Each structure stands twice: as C-alpha cells, then as structure tokens.
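Everything quoted here is computed from the prediction, not taken from an experiment. First the proteins, then the strands, lettered A, B, ... as listed; each starts at 1.
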There are 2 protein chains.
Amino acid sequence: MSDRDMKQQQVLQALSALANATRLEIVRLLVPLGEEGLAAGRIAARLGLSASALSFHLSSLEQADLLTSQRISRQVFYRANHARLGNVISYLLNDCCAAHPQIRRCCTTAAASND
Amino acid sequence: MSDRDMKQQQVLQALSALANATRLEIVRLLVPLGEEGLAAGRIAARLGLSASALSFHLSSLEQADLLTSQRISRQVFYRANHARLGNVISYLLNDCCAAHPQIRRCCTTAAASND
DNA sequence: CAGACATTTCAATTACTCATGAAGTGTTGA
DNA sequence: TCAACACTTCATGAGTAATTGAAATGTCTG
C-alpha cells in the first residue's frame, strides 16, 4: 500500500467518524477543552447520551485517531487530537482539493463567505 | 430548525458523501477541471466504474451540493462546487474546531506537518 | 471483601450503504 | 422512426452502522 493510499485510508476513516451528528458534537465539545479533556460520564451528561451509546461513538472517534483517552482512577478522560484534526482538514484542502484558490479562500478568511 | 443546525445538517451530508474512497476520487478528479467539468462517461472510464455505480455516487455528491451537473446533448457534465467544498472545510476549521491555533496551522502552511 | 461507581462489551434488532445487472429515459443520427 | 448512445433508475442482496438494554470489567470506599 502506497504512502498516499495509507494517508487516504486514514482520512476516510476520520471522515466517516466525523460524518455523524453525535460524533461531530463530541468533537466540538472536546476541541476547546484541549489537554484538560472531559470524562466520558460528563460528555454523556452534556449531550444526553446513554453510557453505551456514548462509548460506541467514542471508540469510533478513537479508532480514527481523532480522540485520545486516559483512565484516571474510575473515570476515562477523552481529549481531541488536534494534530489529527488538522491533518484531515489539510488533506481535504491541499491533497483532495489541490489548494484550489476559491476553496482555500474560505479557510484563510475568519468567517467563510457562504454560497 | 436553527440556522446552525441547518448548516450542520448540510455539512454532515457533505462529510458522508466525502467519506467514501470512490467519491473522494471523483472530487479529486473534478476539482482541478473547474468549470470545464467532465462527462459522466469519462469519469467512469477514468476511475474504472460501471455506469450505474458511478451514477449512484454522483447523485450522492450532487445531493450534498458538492457537484453540479449539466446535460449537454447526450452527455451529462459534472463539475465540482468549489464554494461548497470551501464551506465544508471552513465549517470543520472554524465552527467545529473553533479555529484552534494548532488545527489552523495545518491549513495555512502549504504542506501540513503530519503526526 | 462487599457495594457503589464509571465505563465498556455483548447480543439482538433495525436501518442504512454499496454493488450489480436489468430495465427505463432522453438524445442523436441514419 | 429505429437503432445506438449516454446515462439514470430500479430491484435485489450483502455488508456495515447505529440503538438498546443487560452483563461484564475495572476502580475506589467503607
């Protein structure tokens, strides 16, 4: 498997993980918390999810390397993997979209001009 | 439905569309062609897809507003919707990831620093 | 060690996605 | 108008994703 295919494979897994309302919310919640992270139970409470539903989605995100987890006593803290998120966005912009000027413009201006 | 939810809904549909190797290839192929676009048959030949398989994926991308189509006599030309692609990337970067510095860095440097 | 707590795993069900080939639609040229 | 062309739609089936509740795992406290 070529380097490029491997990279694409990882990006596809990340996109699949992000292509779900619940998981996108999880990422939105965790990104601003940075290294602090948040315990699974807290995430579940914040988003109104059952423990097992949450666990299902967290593992999907962790498999895609978009989150990391760390057990601290009874709780498991989850953190966003900012580097990986950056990679995914960068792939879309640079590899997939060839850094097309019109597409790139959206990401360099603070608020994207829509439609 | 709030403005924000509608936007997220559209982004989710776009992410679902992009989270597939075949469809990502289609986008990669069409982005650099710009307004010129490419006839469905040509896309199929380029990517080695059956007509019906291609049509299935094209309609998924068109539903997500990532492509536009135009019939010209017998052929149907497909073009990438650069504005929408930019919106999606921008959403990931700005709305979802709160323009986190570490994530943003990946998109402002030409080649993203990986891992 | 027993019980509570925090989370994950499992099993069963339902729903969706994708591939395939056959049939259908619209368009052109003989 | 008939046949070929360029696509799309439909029907079927296989595989994968998501939801639910119950059981299992690991951890702390009394």
Side-chain angles (χ1 to χ4, degrees), chain A residues 5 8-30 33 36-80 88, chain B residues 8-30 33 36-80:
Chain A
D5 286 346
Q8 175 169 314
Q9 202 45 51
Q10 291 172 340
V11 169
L12 281 171
Q13 193 178 6
L15 288 173
S16 296
L18 293 173
N20 172 284
T22 300
R23 291 192 292 262
L24 202 54
E25 286 302 327
I26 294 172
V27 171
R28 287 171 69 104
L29 177 59
L30 292 180
L33 297 179
E36 188 187 343
L38 198 59
R42 292 298 197 86
I43 301 173
R46 271 299 215 69
L47 304 182
L49 298 168
S50 73
S52 86
L54 177 71
S55 195
F56 170 77
H57 290 298
L58 286 174
S59 92
S60 156
L61 288 165
E62 197 177 10
Q63 283 259 117
D65 208 17
L66 292 167
L67 301 184
T68 59
S69 68
Q70 184 186 9
R71 173 149 223 153
I72 296 183
S73 93
R74 281 196 255 198
Q75 304 176 94
V76 178
F77 283 80
Y78 283 87
R79 295 171 182 77
V88 172
Chain B
Q8 175 168 315
Q9 202 46 50
Q10 291 172 340
V11 169
L12 282 171
Q13 194 178 7
L15 288 173
S16 296
L18 294 172
N20 173 283
T22 300
R23 290 190 294 260
L24 204 52
E25 286 304 326
I26 294 172
V27 171
R28 289 170 70 102
L29 176 59
L30 293 180
L33 297 180
E36 189 186 344
L38 198 60
R42 293 296 197 86
I43 301 173
R46 271 298 214 73
L47 304 182
L49 298 167
S50 73
S52 85
L54 177 71
S55 197
F56 171 76
H57 290 298
L58 287 174
S59 91
S60 157
L61 288 165
E62 196 176 11
Q63 283 260 117
D65 209 17
L66 292 167
L67 300 184
T68 59
S69 67
Q70 183 187 7
R71 173 149 223 155
I72 296 183
S73 93
R74 282 197 254 201
Q75 304 178 94
V76 178
F77 283 79
Y78 284 88
R79 297 171 179 76

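Of the inter-residue distances, the one linking B:Asn20 atom CG with B:His57 atom NE2 reads 5.0 Å to the nearest 0.5 angstrom. Here the CD atom belonging to B:Gln13 is positioned 8.5 Å from the CG atom belonging to B:Leu66, to the nearest 0.5 angstrom. In this structure, the separation between OG1 on B:Thr22 and CD1 on B:Ile43 is 12.5 Å, given to the nearest 0.5 Å.
A:Phe77 has its CZ atom 17 Å from the C1' atom of C:dT8, to the nearest Å. If you measure from atom CZ of B:Arg74 to atom C1' of C:dG29, you get 7 Å, rounded to the nearest angstrom. Atom CD of A:Gln70 and atom P of C:dT7 are 13 Å apart (whole Å). As rounded to whole Å, 12 Å separates atom P of C:dT9 from atom CG of A:Leu54. Rounding to whole angstrom units, CD of residue B:Gln63 and P of C:dC18 are separated by 13 Å. Computed from coordinates, the B:Ile72 CD1 to C:dT28 C1' distance equals 15 Å when rounded to whole Å. If you measure from atom CZ of A:Phe56 to atom C1' of C:dT14, you get 13 Å, rounded to the nearest angstrom. The CG atom of B:Leu49 sits 13 Å away from the P atom of C:dC18 (whole-angstrom rounding).
If you check every strand for non-hydrogen atoms under 4.0 Å, A:Ala40 touches sugar and phosphate atoms only. Across all strands shown, B:Ser52 has heavy atoms under 4.0 Å from base atoms, whether or not it also approaches the sugar-phosphate. At the heavy-atom level, A:Ser55 lies under 4.0 Å from base atoms of the strands shown. Here A:Tyr78 lies in heavy-atom contact (under 4.0 Å) with sugar-phosphate atoms only. Using a 4.0 Å heavy-atom criterion, one finds that A:Ala44 contacts no nucleic acid atom at all.
Protein chain B touches strand DNA chain D; the 5'-most and 3'-most nucleotides with an atom under 4.0 angstrom of its non-hydrogen atoms are D:dA4 to D:dT9.
By the neighbour-count criterion of 12 heavy atoms within 6.0 Å, atom CZ of A:Arg42 is sparsely surrounded, having that number or fewer from other residues, nucleotides or ligands.
Sequence order on DNA chain D of the closest nucleotides to A:Ser73 and B:Ser69 puts B:Ser69 first from the 5' end.
Here the shortest heavy-atom pairing between A:Leu58 and A:Ala40 reads CD1-CB, 4.2 Å. What you find for B:Glu36 and B:Phe77 is that their closest heavy atoms are O-CD2, 4.1 Å. Nearest heavy atoms, A:Tyr78 versus A:Glu62: CE2-OE1, 4.0 Å.
With C:dC18, C:dA6, C:dA22 as the choices, the nucleotide that has an atom nearest any side-chain atom of A:Gln75 turns out to be C:dA6.
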